[in-house]
Amino acid sequence: MLEIAHLNKSFSLGGTKRVLDDFDLSMRPGEFVSLIGPSGCGKTTALRIVAGLLEQTSGTVTIDGSVSTGPSRDKAIVFQHFNLLPWRTAIDNVAYGLELQGMPKAKRMQVATEYLDLVGLTESAQKYPSQLSGGMRQRIGIARALAIDPKLLLMDEPFGALDALTREHLQGQLARICQERNLTTLFVTHSIDEAIYLSDRVVVMGVQPGRIIAEFHITMRKPRGDYNFRAEPEYAQVREDIWRLLEQQIVRAERVA
Amino acid sequence: MGAATAAPVADASSTPRGRSLADRIWTRRNGLRVLSLVTVFLVWEIWGRANPFFASYPTAILGASGRILLPEVLPALTTTVWALLVGMAISIPIGVMFGFAMARFRLIEIALLPYMNAIYATPRIALIPVLVLWLGIGFELRVTIVALGAVFPIIINSYAGAKHVDEELLDTGRAFMASERQLLRTIVLPATTPFVFAGLRIGLGRGISGVIVAEMTAALTGIGRILISHAKYLQIAELFVGIMVLGLFSLVLFDLLNRSQRRLTPWAATDGT
Ligand SMILES: Nc1ncnc2c1ncn2[C@@H]1O[C@H](COP(=O)(O)OP(=O)(O)O)[C@@H](O)[C@H]1O
Ligand SMILES: [Mg+2]
């Protein structure tokens, strides 16, 4: 479904800084993959290249067989800081992508209402983002992304700016939605627990340069909010393994910096 | 939001005690205002009667209003306002267009920004003599003074607003496949609106003072002439009628501006209602 091959990215600021080094990742349809790594390892950079917001230095991104070179209808992104348009009501934010595509007003309002319902914000349709809590704002961010019916959902630490309780609640909601709709999701996080909760596969990144150093398939039954998955031996094992890898990388990042 | 939190609030406001407390505070505040007003007027009346050529006094001003408000001040106000509104109507679209153009096109920015800042910093009063040479002392002069006063703050503010639109929001638009035009309409324009209003507010103030100065010094018409001519003959009460009408009218204009801003940027409302 998604095929990322030999992706390299360098930034030139005075000298050149190598951020992504031969980054390879392929995803099958309906798969939920988490990208986890220490801060500054290039997660956002990788996601932005896939989203088409940033150009790679070399390498290719292919979606369903066709090379992706910029933003397109078949992928949608959810941002860490929500990035809602403050001058649009909740429903108009959800309808934003559809409006840009030229969908007639009556039709896009109907679709937007459907997605507001999906994230449980029917009542808040006419509110502005400034009148809503962080958790509600991000649910609108998710509804906005889903409303364009993307093949690929990209999420950059979507719950990173939320408090722990809201975070847990939205994780459960997202797990349910992704499973029901069989969404292909690439999810960036720096929470090991969150990655295990949501993912079919957790991809661990190393720093300097940013590259993939390990992969873990999570085989516990989904949805994992329905039972105490943290009590499973698999949870403890994977958590421990990922933590060891990340710890090494964090030490390494500090040494180089 | 839930019924549980709404109930105690409803209880408190439905008891007579709760309401009357709010009422009492409100009444007391207004009472204080009336008291302050009465005191000021009383002192002014007494002091003014003793020094009639310094500051006049309320009853004299009231009398003067009766004499000159309709036959003299209102036609003068119409003259002034007409020039003010035409000048503002010219400077708003021009100001917004230049501001956006400078923010979006680097070449235009480099070419124009130094002039903008220089002209903005120059007192417009200094331009009146040369403008009289070019335009005479008629309607065009006053409109030009207003436009020159208003257009630069509008340009500078629209420019600053359009220049500093949140990059993350622009990226969001791009990710959802917005064209350049759509980015302009759905992000840059609304993000800049509050800045345009800030420019408008400064511009309106400069426009009002500009037209009055032009009327007092060169054009000798409108409210400016009223102020000058009554001052010349030491008709202090009449002079104060002119000042008050001008002040009141400015207040109305600024209030209109604030209202239209609230209408056009409802998302910026600070209260949660
Ligand atoms: N526009 C840019 N110019 C220069 N360096 C950048 C730029 N964007 C990101 N970087 C650098 O690339 C590295 C990876 O950043 P990022 O992808 O945001 O990491 P992460 O999301 O994993 O925390 C960081 O060291 C950052 O400083
Ligand atoms: Mg990041």
Side-chain angles (χ1 to χ4, degrees), chain A residues 44 47-55 68 70-90 92-103 108 123-124 126-133 136 140-141 144-150 152-156, chain B residues 1-6 9 96 99-100 103 157-158 160-200 258-273:
Chain A
T44 295
L47 206 72
R48 285 171 55 88
I49 291 172
V50 176
L53 290 172
L54 191 67
E55 211 175 328
S68 160
S72 61
R73 278 188 193 202
D74 49 15
K75 55 207 177 200
I77 184 163
V78 176
F79 298 89
Q80 178 173 6
H81 299 290
F82 326 137
N83 293 8
L84 301 182
L85 306 187
W87 37 87
R88 284 183 175 239
T89 56
D92 286 338
N93 264 292
V94 175
Y96 185 54
L98 304 171
E99 181 185 322
L100 294 176
Q101 292 174 9
M103 184 186 279
R108 69 176 186 255
E123 315 278 287
S124 306
Q126 299 305 328
K127 294 235 164 105
Y128 287 101
S130 61
Q131 299 170 308
L132 300 170
S133 71
M136 291 162 111
I140 293 170
R144 173 176 67 182
L146 295 180
I148 65 169
D149 195 22
L152 176 65
L153 181 62
L154 304 167
M155 304 181 96
D156 189 3
Chain B
M1 224 176 247
T5 54
V9 175
V96 172
F100 271 68
N157 277 276
S158 313
K163 176 102 183 160
H164 298 112
V165 177
D166 185 357
E167 264 310 313
E168 284 240 356
L169 283 189
L170 291 173
D171 263 351
T172 306
R174 291 186 190 110
F176 285 95
M177 305 258 301
S179 64
E180 278 300 308
R181 273 186 67 137
Q182 286 175 320
L183 283 184
L184 193 68
R185 182 175 60 78
T186 62
I187 298 177
V188 179
L189 211 59
T192 310
T193 308
F195 290 83
V196 173
F197 271 100
L200 268 176
N258 287 337
R259 275 167 204 272
S260 45
Q261 176 166 17
R262 250 173 281 146
R263 265 188 86 101
L264 280 172
T265 62
W267 70 87
T270 43
D271 60 330
T273 51

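These numbers were taken from a predicted model, which means no experiment stands behind them. So that the names make sense, note that chain A is the first sequence line, chain B the second, and so on, each numbered from 1.
Between chain B and the options E123(A), K75(A), R144(A), the largest number of non-hydrogen pairs under 4.5 Å is found for R144(A). Per-residue heavy-atom pair counts under 4.5 Å with chain B were compared for P86(A), A51(A), A145(A), P150(A), and the maximum is reached by P86(A).
Considering only residues two or more places apart in sequence or on other chains, D92(A) meets the salt bridge (charged side-chain N to carboxylate O under 4.0 Å, His left out) condition with none of them.
Residue contact with chain A, scored on non-hydrogen atoms closer than 4.5 Å, is absent for S179(B). Contacts between I77(A) and chain B at a heavy-atom distance below 4.5 Å involve backbone atoms as well as side-chain atoms. Contact of L154(A) with chain B is not made at all, since no heavy-atom distance falls under 4.5 Å. At a 4.5 Å heavy-atom cutoff, the contact between R88(A) and chain B is made by side-chain atoms alone.
Counting all heavy atoms, side chain and backbone alike, M177(B) lies closest to R73(A) at SD-N, 3.9 Å. Contact record, Q182(B) with E99(A): NE2-O, 4.4 Å, taken as the closest heavy-atom pair. Closest approach of A175(B) to P71(A), counting heavy atoms only: O-CB, 3.9 Å. Here the closest non-hydrogen pair linking N83(A) and L169(B) is O-CD2, 3.7 Å. Across F176(B) and G97(A), no two heavy atoms sit closer than the pair CD2-CA, 4.0 Å. Nearest approach of W87(A) to P190(B), heavy atoms of both residues: NE1-CG, 3.2 Å.
Rounded to the nearest 0.5 Å, atoms CD1 (I187(B)) and OH (Y96(A)) are 3.5 Å apart. Interatomic distance, CG of L53(A) versus CG of L170(B), reported as 11.0 Å (0.5 Å rounding).
Heavy-atom neighbours of chain A within the stretch residues 192-199 of chain B, taken at a separation under 4.5 angstrom, are nonexistent.
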